[in-house]
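Notes follow the structure.
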Protein chains: 2
Amino acid sequence: MAYSDALTALADPTRRSVFERLAGGDRSVGEIAAELPVSRPAVSQHLRVLKEAGLIGERQVGTRRYYSLRRDGLVELRDYVEGFWEEALASFKRTAERGEEDETSDG
Amino acid sequence: MAYSDALTALADPTRRSVFERLAGGDRSVGEIAAELPVSRPAVSQHLRVLKEAGLIGERQVGTRRYYSLRRDGLVELRDYVEGFWEEALASFKRTAERGEEDETSDG
DNA sequence: CGTCACTGTAAGCCATAACTTACCGTAAGT
DNA sequence: ACTTACGGTAAGTTATGGCTTACAGTGACG
């Protein structure tokens, strides 16, 4: 399941920072590293994880590599949350229907 | 930021299993533990993390504690992904408008 | 009050992963 | 060809966190 990798990838704060910077447009590794308090190799490693999670893509220009958000990856994550949202609503509804009884009425 | 805690919480597979089981309705710690290959204390710890992330709530009945999804927590996570989705679309659009850079290697 | 059922917490172990420095390959400019 | 710029990879260190067992606390019930 890809949403699993996506969630794992976005769990780390630093990696999330890297990811969120790509929302503003394509960025090279050096550009991202310059704005973060970690080394360039660290950024490289984060980018690798994000890429393996399908969240970003890369485009090479000379020796530079521009990373960008990948639409499909976002869709998967979005669908997971949305799907869960639907289930949650159903659950809330069931709970509400059972009334405010705070006792164990389960058989 | 709460979505941060939510993402961290949902990163772990076991914890995600715990969380997803709550989508089917309220559950006690013992019930959840019985369905998972980890000990009850482990489940307890996962529930604590999920609760601190605002994703679930608890309701005590006797010595039992029923955990349930928390609507607000879901909303926050959903909004984060949705907001990102919007930004991503804008980014995609910008990239498209800039046209394809033909220096891109085939990859 | 004594016992049982249910659960949270503490302590310790160990796998994971995030970070660093060092190194290597590659592309462009002179 | 040499130099510079850019970035991926390897190796090693260290912090994080998920798991287990042992223990403590609380409510229901005879």
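Fair warning: this is a prediction, and the values are worked out from it, not measured in the lab. Below, chain A is the first sequence line, B the second, and so on; all start at residue 1.
Side-chain atoms of B/Arg65 stay outside donor-acceptor range of the base of D/dG27, with no qualifying N/O pair under 3.5 Å.
DNA chain C lies under 4.0 Å from no heavy atom of any residue of residues 7-24 of chain B. For DNA chain D, the residues of residues 41-53 of chain B within the heavy-atom distance limit of 4.0 Å (strictly under) are B/Pro41, B/Ala42, B/Gln45, B/His46, sorted by number.
Residue A/Val38 places its side chain closer to C/dT20 than to any other of C/dT20, D/dC6, C/dG8.
B/Glu58 pairs in a salt bridge (Lys or Arg N to Asp or Glu O under 4.0 Å) with only one of the listed residues (B/Lys51, B/Arg48, B/Arg64), which is B/Lys51. Only one option out of A/Arg70, A/Arg15, A/Gln45 pairs with A/Leu50 in a side-chain contact (heavy atoms from CB on, under 4.5 Å); it is A/Arg15.
Fit an axis to the five pairs at each end of the helix from C/dC1-D/dG30 to C/dT30-D/dA1 and the two axes sit 20° apart, to the nearest 10 degrees.
A/Val49 is not connected to B/Leu7 by any chain of hydrophobic side-chain contacts under 4.5 Å among Ile, Leu, Val, Met, Phe, Trp and Tyr, and they are in different clusters.
When every heavy atom of B/Ile32 is checked against every heavy atom of B/Arg21, the shortest pair comes out as CG2-CD, 4.5 Å.
Residue B/Tyr67 places at least one side-chain N or O under 4.0 Å from the OP1 or OP2 atom of C/dG8. A sub-4.0 Å separation between OP1 or OP2 of C/dT7 and a side-chain N or O of B/Arg40 is absent. Between A/Ser28 and D/dG7 there is a side-chain N or O to OP1 or OP2 distance below 4.0 Å. Look at B/Thr63 and you won't find any side-chain N or O under 4.0 angstrom from OP1 or OP2 of C/dA5.
Listed for the A/Arg16 side chain is a donor-acceptor partner under 3.5 Å among the backbone atoms of A/Leu10.
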